[in-house]
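Below, each value reflects all heavy atoms present in this structure, side chains not excepted, and no hydrogens, waters or symmetry copies.
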There are 2 protein chains.
Amino acid sequence: MNFSSKLIEEAVQAFASLPGIGKKTALRLVLHLTQQPVEHTEQFAEAILKMRKGIKECERCHNISDQQVCAICMDQQRDHTTICVVESIRDIMAIESTGQYRGLYHVLGGVISPIEGIGPSELNIDSLADRIEKGTVKEIIMAISPTIEGDTTIFYIAKKLKNTAASISTIARGISFGGELEYADELTLGRSIATRMPYKKD
Amino acid sequence: MNFSSKLIEEAVQAFASLPGIGKKTALRLVLHLTQQPVEHTEQFAEAILKMRKGIKECERCHNISDQQVCAICMDQQRDHTTICVVESIRDIMAIESTGQYRGLYHVLGGVISPIEGIGPSELNIDSLADRIEKGTVKEIIMAISPTIEGDTTIFYIAKKLKNTAASISTIARGISFGGELEYADELTLGRSIATRMPYKKD
């Protein structure tokens, strides 16, 4: 694409550096900004700069936070005896939006992946062990992707925590709600049969 | 969505104010920025601020430009006797990407629409007439959307320029390349039969 303007080209490149935004979308966004008052762009730039400079990592669970400790960890209404271990902050938001969980979280920051050079020391596993060793946590729920890397990570953490009193569980894996059996992959279908649930007759 | 962070929420709102970006996409972009170094966000904000503050409107054709006169109007290699009249800057980019046109442009900034309260005086029609009256332009190509508003605009401009020497043409309207007749609307199909083209036999 020929923009005939260096300013436009640089702004398009800036937008296109964001995930899921191609050059065409970036151009649409930039042209939109040119049609709006200068103040609009100033407010936009200020909001994201303020966010990026002000945002912190919760020193307990590694969630993103405005303070040293995040709102979830500070909430005394929540169940502080249960920790849900997730890969990323996005997983916290996904679980929170279900409204089914009232415990705390712990963000690993990824999963163990020798191919990508991510070992246990790159993840927030030591800080998880520190939290568990304090003795107040009764259950650890592993909400990790059902992949080889995810299973490896769960296995590693379970081994590391085997001398603690807290129990470990993983989220259920099986056929999605509304999913059709004939389109499920063999691994998921096989596992959902192996981990079948008793059905109450009455 | 509960962001548990005012900074994140404001940045998400900023992204979601852009066209075609919903709250979920905005959140993905914001979380992406939080994973990158602070410098990345600073460069991003600087690029769009610099663009918005530095961008000008070409005083001849109303295209966006880094200078008083845009690169297309300044290009002496281009055909200065032909002007293609378009609604918006995006149309210039679309036509430029075809590589089929080497003349100049004139951006109207919209079409006449009584319903939306856009009259001829809101559009860059007077400046077009001024350019034509200088006498160097031989042809005006109307590359305006084939809508009632677009046709009204062409009609108005043609009337205003009827005493000038320049000829006026409109871009061809008909079935799209690769389009199927049975799915074309009646208006387009009817018009494409009425404006049929002679086919060379040899």
Side-chain angles (χ1 to χ4, degrees), chain A residues 1-15 17-21 24-25 27-57 63-67 70-72 75 88-90 92-93 96-97 109, chain B residues 1-15 17-21 25 27-38 40-58 63-67 70-72 74-75 88-90 92-93 96-97 109:
Chain A
M1 246 183 288
N2 171 25
F3 301 110
S4 75
S5 158
K6 217 177 146 51
L7 292 169
I8 294 284
E9 197 176 333
E10 281 169 5
V12 166
Q13 271 167 3
F15 270 114
S17 74
L18 298 174
I21 295 193
K24 276 206 167 181
T25 307
L27 178 62
R28 189 161 47 81
L29 300 178
V30 169
L31 290 182
H32 170 79
L33 289 179
T34 64
Q35 308 299 311
Q36 304 289 316
V38 178
E39 293 75 33
H40 179 264
T41 304
E42 283 171 345
Q43 282 161 10
F44 175 79
E46 202 197 312
I48 60 163
L49 269 177
K50 211 174 122 189
M51 178 280 296
R52 186 59 192 90
K53 286 179 177 173
I55 207 75
K56 292 179 186 72
E57 193 177 298
N63 187 8
I64 43 171
S65 172
D66 296 1
Q67 267 85 42
C70 80
I72 293 174
D75 189 348
S88 75
I89 299 150
R90 244 173 296 180
I92 295 186
M93 291 181 178
E96 283 296 286
S97 67
Chain B
M1 242 182 291
N2 172 25
F3 300 113
S4 76
S5 159
K6 218 176 146 47
L7 292 169
I8 294 285
E9 198 176 332
E10 282 169 4
V12 166
Q13 270 167 3
F15 270 114
S17 75
L18 299 173
I21 294 193
T25 307
L27 178 62
R28 189 161 46 82
L29 300 178
V30 169
L31 291 181
H32 171 79
L33 289 179
T34 65
Q35 309 296 311
Q36 305 288 318
V38 179
H40 179 264
T41 304
E42 284 171 343
Q43 282 160 9
F44 174 78
E46 203 197 312
I48 59 165
L49 270 177
K50 209 173 122 191
M51 179 279 297
R52 187 61 192 86
K53 288 180 177 171
I55 207 78
K56 291 178 190 70
E57 193 178 295
C58 172
N63 187 8
I64 44 171
S65 172
D66 297 359
Q67 267 86 40
C70 79
I72 292 174
M74 292 290 274
D75 190 348
S88 75
I89 299 152
R90 242 172 298 179
I92 294 187
M93 290 180 181
E96 282 297 285
S97 67

- Task: Could you walk me through whether B:Leu7 and A:Lys53 pass side-chain contact (heavy atoms from CB on, under 4.5 Å), step by step?
- Result: CA-CA 10 Å; B:Leu7 292 169; A:Lys53 286 179 177 173; over 6 Å; no
- Query: A:Arg28 and B:Arg90: which non-hydrogen atoms are nearest, and at how many Å?
  - Reply: CG-NH1, 3.8 Å
- Query: Looking only at heavy atoms, which two atoms of A:Arg52 and B:Pro37 are closest? And how far apart?
  - Reply: NH2-C, 3.9 Å
- Message: Heavy-atom cut-off 4.5 Å, strictly under: side chain, backbone, both or neither for A:Ser17 against chain B?
- Response: both
- Query: Do you know the tightest heavy-atom contact between A:Met93 and B:Leu27?
  - Reply: SD-CD2, 3.3 Å
- Query: In terms of heavy-atom pairs under 4.5 Å, which option from A:Glu57, A:Glu10, A:His32 contacts chain B the most?
  - Reply: A:His32
Distance-only criterion, 3.5 Å: show the donor-acceptor pairs between side-chain atoms of residues 38-47 of chain A and protein atoms not counting sequence neighbours.
none

- Note on the structure: Minimal heavy-atom distance between B:Met51 and A:Leu33, with the atoms involved, is CE-CB, 4.2 Å
- Task: State, to 0.1 Å, how close B:Gln35 and A:Ile89 come at their nearest heavy-atom pair, and which atoms those are.
- Result: NE2-CD1, 3.6 Å
- Task: Could you grab the distance from atom NZ of B:Lys56 to atom OG1 of A:Thr34, nearest 0.5 Å is fine?
- Result: 14.0 Å
- Considering non-hydrogen atoms only, spot the tightest contact between B:Leu29 and A:Pro19 and give its length. CD2-O, 3.5 Å
- Query: So which part of A:Ile55 gets closer than 4.5 Å to some heavy atom of chain B, the side chain, the backbone, both or neither?
  - Reply: both
- Item | Contacting moiety of A:Ile21, where chain B heavy atoms sit under 4.5 Å | side chain
- Message: Below 4.5 Å, heavy-atom pairs only: which of B:Thr25, B:Val30, B:Leu18 has the largest tally toward chain A?
- Response: B:Leu18
- Under 4.5 Å to a heavy atom of chain A? For B:Ile48 that would be both
- Message: I'd like to know whether NZ of B:Lys50 has more than 12 heavy-atom contacts from other residues, nucleotides or ligands below 6.0 angstrom.
- Response: no
